Amino acid sequence: MATTRRSLPLLRTLIAGKTQTRTVTYMPRPGDGAPRPVTLIPGDGIGPLVTNAVEQVMEVMHAPVYFEKYDVHGDMKRVPQEVLDSIKKNKVCLKGGLRTPMGGGVSSLNMQLRKELDLYASLVNCCNLPGLPTRHENVDIVVIRENTEGEYSGLEHEVVPGVVESLKVITKFCSERIAKYAFEYAYLNNRKKVTAVHKANIMKLADGLFLESCREVATKYPSIKYNEIIVDNCCMQLVSKPEQFDVMVTPNLYGNLVANTAAGIAGGTGVMPGGNVGAEYAVFEQGASAGNVGKEKIVEQKTANPVALLLSSAMMLRHLQFPSFADRLESAVKRVISEGQYRTKDLGGQSSTQEVVDAVIAKLD
């Protein structure tokens, strides 16, 4: 009888424990605890504003990273060798937008970085943020774009005056590689479907090879649904029923168009994080390229939206295996967006960049 009485409090405690909700937490990254160096390229336009926002937040968080800052601008002929050496040494880079001159024969520094470091996969996560009203709800799309070939190969020449030939290069190696990345991402992140975007009805050999590669890889992932969609229909479906898409895998040019369209649907380019990754290196930046340099007026008024790069830096922290810091940063940003008191003009508010940064810092747990 005495044994029964002693066990009753224990039983009540166990029952009470089952009804309590427990939050999942992460242990800090194992190892020596030494901070990791990250190459920082502020870039052009709003770049210095938003990268400075990241620096401030990282310092307050005591995040285990420190930045090696380099002055790079889009009108340079090449990425300085010391910058490439820094990225190759550190393996990770955070960058603002680099303005690409229109015409004139000046090559894009963004493309130089991707090719030099073999950053073959661009990843942009376009999803609704709680508290931010958009035309469509339940949008959660990941656009994975081949980053090194296609129309971006830069193979153009003037055949005769007034006639220019531009080559689109598609290889089986690069197509298989991006398809494997997309399916592996879907598998590891519990995604249900991968959609290949193409124009194989017209470009039967080039986009046909891309589709053939995707189909071959899809057979190795039977648990993930696979389908295909022509790029023009894809754009129409994105603006009318975006919730049907999950993971999208695309050749280079289509991916740029699809990612920016999806970003606009889910809240705008100012809130969409992204990264460019390869086998050895990763460069994190604002996910959608439209507006990543910004207008001069925004720079002068210091009203650039820092949310996209803050969320991209959270992706960077997760890539560096610092999940607890990434979670803290993401939670703080999302709480600021949800409460709605501090928002830049592109999100319907009147706040400056610094006011948003201060609000995020105040929300850090």
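From a predicted model like this one, the values you see are computed outputs, not experimental measurements.
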>> Does Leu311 form a side chain to side chain contact (heavy atoms under 4.5 Å, CB included) with Leu309? I'd like the steps, not just the answer.
In response: CA-CA 5 Å; Leu311 292 176; Leu309 201 66; over 6 Å; no

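The hydrophobic side chain of Phe173 is isolated, with no ILVMFWY side chain under 4.5 Å apart from it.
Sorted by first and then second residue, the pairs that involve residues 41-60 and meet salt bridge (Lys or Arg N to Asp or Glu O under 4.0 Å), not counting sequence neighbours, are Glu55-Lys69. Counting only residues at least two apart or on different chains, the salt bridge (Lys or Arg N to Asp or Glu O under 4.0 Å) pairs with a member in residues 153-175 are Glu151-Lys168, Lys168-Asp207, Lys172-Glu176, Lys172-Glu212, Lys172-Glu216. Each ring-ring contact (aromatic ring centres under 6.0 Å, His included) pair with one or both residues in residues 252-287, not counting sequence neighbours, appears once here: Phe284-His319. Screening residues 244-258 for salt bridge (Lys or Arg N to Asp or Glu O under 4.0 Å), with sequence neighbours left out, gives Arg191-Asp246. Residues in residues 116-130 take part in these salt bridge (Lys or Arg N to Asp or Glu O under 4.0 Å) pairs, two or more places apart or across chains: Lys88-Glu116, Asp118-Arg177.
Annotation for Lys91: atom NZ counts as buried by contact number, over 12 foreign heavy atoms lying within 6.0 Å. More than 12 non-hydrogen atoms from other residues, nucleotides or ligands lie less than 6.0 angstrom from CG of Leu188.
Not a single salt bridge (Lys or Arg N to Asp or Glu O under 4.0 Å) links Arg78 to another residue, sequence neighbours left out. Residues satisfying the side chain to side chain contact (heavy atoms under 4.5 Å, CB included) criterion with Asp71, sequence neighbours excluded, are His73. Listed by chain and residue number, Lys199, Ile230 satisfy the side chain to side chain contact (heavy atoms under 4.5 Å, CB included) test with Asn201 (two or more places apart in sequence, or in another chain). Applying the side chain to side chain contact (heavy atoms under 4.5 Å, CB included) test to Lys89 and every residue at least two apart in sequence or in another chain returns Glu68. Scored by the salt bridge (Lys or Arg N to Asp or Glu O under 4.0 Å) test, Asp85 finds no partners at all (sequence neighbours excluded). Checked against side chain to side chain contact (heavy atoms under 4.5 Å, CB included), Val169 has the following partners two or more places apart in sequence or in another chain: Glu149, Ser153, Leu155, Thr171.
A side-chain donor-acceptor contact under 3.5 Å links Ser108 to the backbone of Met111. Using a distance-only test at 3.5 Å, with no hydrogens or angles considered, no donor-acceptor pair links the side chain of Thr39 to the main chain of Cys93. Side-chain atoms of Ser122 never come within 3.5 Å of backbone atoms of Arg145 as a donor-acceptor pair (strictly under, hydrogens ignored). No side-chain donor-acceptor contact under 3.5 Å links Ser86 to the backbone of Glu82. Counting only distance, with no hydrogens or angles, the side chain of His198 and the backbone of Phe210 share no donor-acceptor pair below 3.5 Å.
Between Ala206 and Ile170, the closest heavy-atom pair is O-CG2, 3.4 Å. The two atoms that bring Met248 and Cys234 nearest to each other are CE-SG, 3.3 Å, heavy atoms only.
Under a 4.0 Å N-O distance rule, the pair Glu330/Arg318 qualifies as a salt bridge.
The shortest distance between side-chain heavy atoms of Glu285 and Ser312 does not fall below 4.5 Å.
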